[in-house]
Amino acid sequence: MLQIYNTLNRRKEPFEPLKAGHVGLYVCGVTVYDECHVGHGRVMIVYDVLFRHLQAAGYAVNYVRNITDVDDKIIKRAAENNVTPAQLSQRYIDEMHADERALNVLPPTHEPRATESIKSMVRIIGQLIDSGHAYAADNGDVFYSVKSFPDYGKLSGRKIDELRAGERVAVDEYKRDPLDFVLWKASKPDEPSWESPWGNGRPGWHIECSAMSMDLLGEEFDIHGGGADLQFPHHENEIAQSEALTCGRFARYWMHNGLVRIGEEKMSKSLNNFLTIRDVLAQYSGEEIRAFIISSHYRSPLNYTSDALLAARTALRRFYTALRGRPVPRDTLLNGPLADSTVLDAGYVERFEAAMNDDLNTPEALAVLHELANTLNKEAETDSERSIRLASTLVHLGGRLGILEKDPEVVLQGESDGEGPSAEEIEALISERRTAREARDFARSDQIRDELAARGVVLEDAGGKTTWRRD
RNA sequence: GGCUGAGUGGCAGAGUGGCUAUGCACCGGAUUGCAAAUCCGUUUACCUCGGUUCGACUCCGGGCUCAGCCUCCA
């Protein structure tokens, strides 16, 4: 039974979907005005792991992750680059998709763009005005009236009075109350705009998510996720808008992933201390980044350090080394339901499931994989039934986390980066070294090994055979 | 100042009211011509002060420190 930590109630709760066998999952995606950084990568990966886990548990998952493609920053950046906002956002949507492929993130079921749901937003705003939860100001902006919603603050544990006390936002003269937030913004002449009963304008950020989630998942749905920094005010506002509108419940489970830090500080655009996914991919593989992300629990803060990335690399190498040379039916294990579960080791699968069901405890799940690798390494026979079963289990469970899906040989031997020796050259040198060793010419043998090591190739003699990998 | 949450061995990072997390690093051993990889074994811990308890790192309270949010933010 899956337990999920629900921010709404500040505790782990058994997950029970609204409709048996189905899960509606909404995650706040990115505003596309720049390349994604590691923090965005964490969101992609955390909810991808959830998506995979729910599917493995047999649920039909409707996973919606939105794209905010209308926003002040997009407009500003587009003007700076002399392109239209639509062109700019399309460019970064493409970049984001490329990043996701590199990180082995499955495409969500739906990836709505805010600009495609403007009609719904206008309709919702109209209804909120009619029901007294919103008001149009003289300048064409429409605001949500926070004090019209008694439950305001239930997600973040705040009270309206406390918020007022800590008030430090410059007060907008058109707001009736400083805490009110914008639903619709009147547009300036050369900005993208849509018609509305309150004049030409564009939607506020919070209303976008209410509209897109309702369009694709209905008024009430199962899980809403996003970064911890969105808890307030964004998610609080989503609840206020949506529940005021429907007089019912909005999302049942709220999940928040911890933030990625760099130097003990949140990684973010505004602090200008971020590394893009692209930056990191120059040095580490997508799989290594993914292993780094899942090495800590999703709710914990995660420090970005080269040591941590290196540790992820070492861990993956250990797994792939254990799998090396062991014949496993990879396609069957990774794609679709397992025809015959007897090919897997039930004990390890069970422990893995237990870890994942405990609020997606991926560090614990990885610990299970490490123990599995250890057991596997003790199995000398590469093609014994037991070896194949253990290796299959490792590949299958790795796949559940989106790792270990590659051919070990390809990962370990890698691509020559142009600098390093080619596979042919390496094989030739290994052959020469074998001759030297047979003649007990260890000086020559070691010289060849040292030279290859200096060029990034490690030789390993085991079982009378020499294998190699790039370091 | 207010609201969340966190403080575990050299590092990363789980977990539990009494019993080995796991990985890396370190040390010793096996294996190897020597290595590498692998295996075996050892060492290092639970911020602080009180309380509850037969017993707390684990529960409760105070304190200290850190992070996030209170402004766009994944």
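What you see is a predicted model; the values in this text were computed from it and never measured. The sequence lines fix the lettering, A, B, ..., with proteins before strands; numbering per chain opens at 1.
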Query raised in the report: Which atoms form the tightest heavy-atom contact between A/A365 and A/A355, and what is the distance?
Result: N-CB, 3.7 Å

Query raised in the report: Which atom pair, heavy atoms only, marks the closest approach of A/Y5 to A/D359?
Result: N-OD1, 3.0 Å

Requested in this report: Would you mind telling me which residue lines up with the more 5' stretch of RNA chain B, A/Y298 or A/H40, judged by nearest nucleotide?
Outcome: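 Result of the comparison: A/Y298.
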
Query raised in the report: Which residue lies toward the 5' end of RNA chain B, A/G226 or A/A315, if each is placed at its nearest nucleotide?
Result: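 Going by which nucleotide is closer to the 5' end, it is A/A315.
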
Aromatic ring pairing [X]/[Y], orientation class (parallel under 30°, perpendicular over 60°, tilted between):
X: A/Y144; Y: A/F149; result: perpendicular
X: A/W254; Y: A/F250; result: tilted
X: A/H37; Y: A/F274; result: tilted

Expressed as a whole number of angstroms, how long is the span from [X]:[atom1] to [N]:[atom2]?
X: A/Q3; N: B/rG15; atom1: CD; atom2: C1'; answer: 16 Å
X: A/L271; N: B/rA74; atom1: CG; atom2: C1'; answer: 14 Å
X: A/H370; N: B/rC24; atom1: NE2; atom2: P; answer: 6 Å
X: A/L309; N: B/rG13; atom1: CG; atom2: P; answer: 13 Å
X: A/N66; N: B/rA74; atom1: CG; atom2: P; answer: 10 Å
X: A/L230; N: B/rU71; atom1: CG; atom2: C1'; answer: 14 Å
X: A/H297; N: B/rA12; atom1: NE2; atom2: C1'; answer: 16 Å
X: A/I294; N: B/rU22; atom1: CD1; atom2: C1'; answer: 14 Å

Checking base pairs now: Watson-Crick or wobble, both atom distances under 3.5 Å. What partners [N]?
N: B/rU65; value: B/rA6
N: B/rG1; value: B/rC70
N: B/rU42; value: none
N: B/rC59; value: B/rG51
N: B/rG23; value: B/rC11
N: B/rG33; value: none

Report task. Would you please test A/E353 and A/R400 for salt bridge (Lys or Arg N to Asp or Glu O under 4.0 Å) and show each step? Result -> CA-CA 10 Å; A/E353 296 291 356; A/R400 295 273 304 271; 2.9 Å; yes

Query raised in the report: So is A/R158 actually on top of A/F232's ring, under 6.0 Å and inside 45° of the axis?
Result: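 Relative to the ring axis of A/F232, which defines the angle, A/R158 lies inside both limits.
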
Report task. Report yes or no: is the cationic atom of A/R65 (NZ for Lys, CZ for Arg) under 6.0 Å from the centre of the six-membered ring of A/Y47, at an angle within 45° of the ring normal? Result -> no

Checking all strands, does [X] fall into the base, sugar-phosphate, or nothing category for heavy-atom contacts under 4.0 angstrom?
X: A/K73; value: base
X: A/M267; value: base
X: A/G39; value: base
X: A/S296; value: sugar-phosphate
X: A/G29; value: sugar-phosphate
X: A/V27; value: nothing

Query raised in the report: With a 6.0 Å cut-off on ring centres, are A/Y63 and A/Y26 close enough?
Result: no

Query raised in the report: For residues 356-369 of chain A, which residues have at least one heavy atom under 4.0 Å from RNA chain B?
Result: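 When residues 356-369 of chain A is checked for heavy atoms under 4.0 Å from RNA chain B, the hits, listed by number, are A/N361, A/P363, A/E364, A/A367.
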
Requested in this report: Establish, with yes or no, whether the OP1 or OP2 oxygen of B/rC69 is under 4.0 angstrom from a side-chain nitrogen or oxygen of A/K266.
Outcome: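 For B/rC69, OP1 or OP2 has a side-chain N or O of A/K266 closer than 4.0 Å.
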
How far, in whole Å, is [M] from [N] if one measures between their [atom1] atoms?
N: B/rC27; M: B/rC66; atom1: P; value: 35 Å
N: B/rU22; M: B/rC64; atom1: P; value: 37 Å
N: B/rA6; M: B/rA14; atom1: C1'; value: 15 Å
N: B/rC54; M: B/rC11; atom1: P; value: 37 Å
N: B/rC47; M: B/rC69; atom1: P; value: 26 Å
N: B/rA67; M: B/rA30; atom1: P; value: 49 Å
N: B/rA25; M: B/rA45; atom1: C1'; value: 16 Å
N: B/rG9; M: B/rG5; atom1: P; value: 23 Å

Report task. When you get a sec, tell me which of B/rA74, B/rG13, B/rA14 is the closest nucleotide to the side chain of A/S300? Result ->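 In terms of side-chain proximity for A/S300, the closest of B/rA74, B/rG13, B/rA14 is B/rA14.
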
Report task. Please tell me which of the listed nucleotides, B/rC70, B/rC24, B/rA74, lies nearest to the side chain of A/F232? Result ->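 Looking only at side-chain atoms, A/F232 lies closest to B/rC70.
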
Requested in this report: Determine, for A/R351 against A/E371, whether the closest basic-nitrogen to carboxylate-oxygen distance falls under 4.0 angstrom.
Outcome: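 Here A/R351 pairs with A/E371 in a salt bridge, since their nearest N and O are under 4.0 Å apart.
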
Residue list, side chain to side chain donor-acceptor pair (under 3.5 Å) with [X], at least two apart or on another chain:
X: A/R317; result: A/D471
X: A/R77; result: none
X: A/E13; result: A/N6, A/N9

Requested in this report: Heavy atoms under 4.0 Å is the rule here; annotate nucleotides 31-40 of chain B 5' to 3' with B where the base is hit, S where only the sugar-phosphate is, and - elsewhere.
Outcome: --BBBBSSSS

Requested in this report: Sugar-phosphate means primed atoms, P, OP1 and OP2; the rest is base. With that split, encode nucleotides 2-9 of chain B 5' to 3' as B, S or - using protein heavy atoms under 4.0 Å.
Outcome: BBSS----

**Report entry** Any donor-acceptor N/O pair, A/E287 side chain to A/L404 backbone, under 3.5 Å
**Finding:**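 Yes; at least one donor-acceptor contact below 3.5 Å.
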
Query raised in the report: Are A/V280 and A/E288 close enough that some pair of their side-chain heavy atoms sits under 4.5 Å apart?
Result: no

